[in-house]
Amino acid sequence: MTQAIVTMLLATLTMGATAQTENPRGIYKMTTLTGKVGEVKAPFEQYKICTDSVTLMVSEQGNRFSISDNDHQVFNYTGEQPKSEGDKSPLIYDSNSEQFKLKWWSTYPNHIHFPNNDWCTEKYESGKYTEMSKAFFNALTGTAEVAANNPLTGTWRFIGYVDELRDVKKELPKLHEKYPTSRYFNSFMVFTPQDLTTVFCRGGGVDKIEFDGKKAYKSAGKTYQIKWLSKNRVAIEDRVDFRTDWMILERVTDGSTPLSHIASQYVGNRR
């Protein structure tokens with residue numbers, strides 16, 4: 001039930017909603033921060049994914065991304081003023097589908113930007129991405145570009161490893177049985193003509209990719225061989241030192257997005 005609800009709510013993120021609303025909903029990038037030294041351009045790459053069920057924070061460092069439930073609340077409009085002098089609850093205002101402001105009470109004693117025992121204000125705007133973050137969020141929301149001439153492009157669920165490819169038929173039932181409690185649960189690999197994006201609950205990364213036909217690709221200077229087990233299942237060679245394992249990927253065909261799965265995990269963990 002939780003999965004279905006979150007999937008429905010997150011579907012609006014890919015539709016480019018333009019309706020004005022008091023509750024921020026969508027993907028927003030921090031553009032300014034007002035704190036210890038006044039208003040400055042956002043000193044770090046930070047995003048908020050705002051839905052009706054959860055607010056997730058995404059931090060970008062180079063081509064690596066981290067995802068967290070940093071705010072522990074759904075962002076709904078509150079107005080700019082606290083309810084009382086002693087109320088230090090976060091405030092959401094000037095908010096619609098295009099922007100919002102987050103005012104929160106900072107208790108950082110020695111931070112370069114955040115004040116100590118005072119309000120800090122962050123402004124967020126939609127439609128603002130770096131090159132890498134655009135690829136990452138496209139992969140998260142299932143809007144990544146695909147190539148008709150290469151069947152590997154698309155979204156794949158990473159279900160685990162097998163040691164020997166000849167044993168894959170015997171190992172597949174075990175992988176599926178262990179998957180919901182494995183460390184690979186809700187891990188994805190999204191291939192586009194230009195990028196390979198890895199996505200998992202706590203974050204992921206974007207790497208440039210070069211295809212060598214349909215049976216191999218190169219990423220970060222390393223070539224990976226592909227064995228097609230069926231139309232929607234592949235094994236990808238992963239060589240580490242003198243050992244070779246095979247990553248088993250299964251194509252996502254039900255229309256769900258990595259973000260819907262990740263968000264449902266955070267919602268479920270709160271219960």
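Throughout, numbering of the chain's residues begins at 1 and tracks the sequence. All heavy atoms count here, side chains included; hydrogens, waters and symmetry mates do not. The structure presented is a predicted model; accordingly, all values stated were derived computationally and were not measured.
- Of all non-hydrogen atoms in E80 and L91, the two that sit nearest each other are O-CD1, 3.0 Å.
- Figure legend: cation-pi geometry between K48 and Y28 absent, as NZ or CZ is not positioned both under 6.0 Å from the six-membered ring centre and within 45° of its axis.
- Between the side chains of W104 and E122, at least one donor N or O sits under 3.5 Å from an acceptor N or O.
- Both V168 and Y179 are members of a single hydrophobic cluster when ILVMFWY side chains are connected at heavy-atom separations under 4.5 Å.
- Atom NZ of K36 sits in a crowded spot, with more than 12 heavy atoms from other residues, nucleotides or ligands closer than 6.0 Å.
- Residues D254 and S256 have side chains that bring a donor and an acceptor to within less than 3.5 angstrom of each other.
- Side-chain contact, N232 with E250: no donor N or O sits under 3.5 Å from an acceptor N or O.
- L259 places a side-chain heavy atom less than 4.5 Å from the side chain of I49.
- Considering all non-hydrogen atoms of both residues, S187 and F200 come closest at OG-CB, 3.8 Å.
- Of the N and O atoms on the side chains of N76 and R25, at least one donor lies less than 3.5 Å from an acceptor on the other residue.
- Of all heavy-atom pairs between S219 and L196, the closest is OG-CD2, 4.3 Å.
- A distance of 5.0 Å separates CZ of F188 from CG of N186, quoted to the nearest 0.5 Å.
- L165 is connected to I159 through a chain of hydrophobic side-chain contacts under 4.5 Å among Ile, Leu, Val, Met, Phe, Trp and Tyr, so both are in one cluster.
- Counted by atom type alone, N138 and T143 present one or more donor-acceptor pairs between their side chains at under 3.5 Å.
- Neither side chain, Y161 nor E171, offers a donor N or O lying under 3.5 Å from an acceptor on the other.
- Between K88 and D118 there is no salt bridge, since no side-chain N of the basic residue sits under 4.0 Å from a carboxylate O of the acidic one.
- Between D163 and R243 there is a salt bridge, since at least one side-chain N of the basic residue sits less than 4.0 Å from a carboxylate O of the acidic one.
- The existence of a salt bridge linking K218 and D212 is excluded, since no basic side-chain nitrogen approaches an acidic carboxylate oxygen closer than 4.0 Å.
- With respect to the salt-bridge test (charged N to carboxylate O, under 4.0 angstrom), the residues D238 and K222 qualify.
- No side-chain heavy atom of V40 sits less than 4.5 Å from a side-chain heavy atom of T32.
- Annotation: cation-pi pair K101/Y93 absent, no NZ/CZ under 6.0 Å from the ring centroid and within 45° of its normal.
- Between the side chains of E98 and S126, no donor-acceptor pair is found at a separation under 3.5 Å.
- Linking ILVMFWY residues whenever their side-chain heavy atoms come closer than 4.5 Å, directly or via other members, places L56 and V199 in the same cluster.
- Using a 4.0 Å cut-off between charged nitrogen and carboxylate oxygen, E131 and K208 count as a salt-bridge pair.
- The hydrophobic clustering, which links ILVMFWY residues whose side-chain heavy atoms are closer than 4.5 Å, places Y224 and F158 together.
- For the pair E60 and S133, the tightest heavy-atom approach, listed with the atom from each and the gap, is OE1-CB, 3.5 Å.
- Considering every non-hydrogen atom in both K29 and Y129, the closest pair reads CD-N, 4.3 Å.
- The closest side-chain donor-acceptor pair between H111 and S106, if any, does not fall under 3.5 angstrom.
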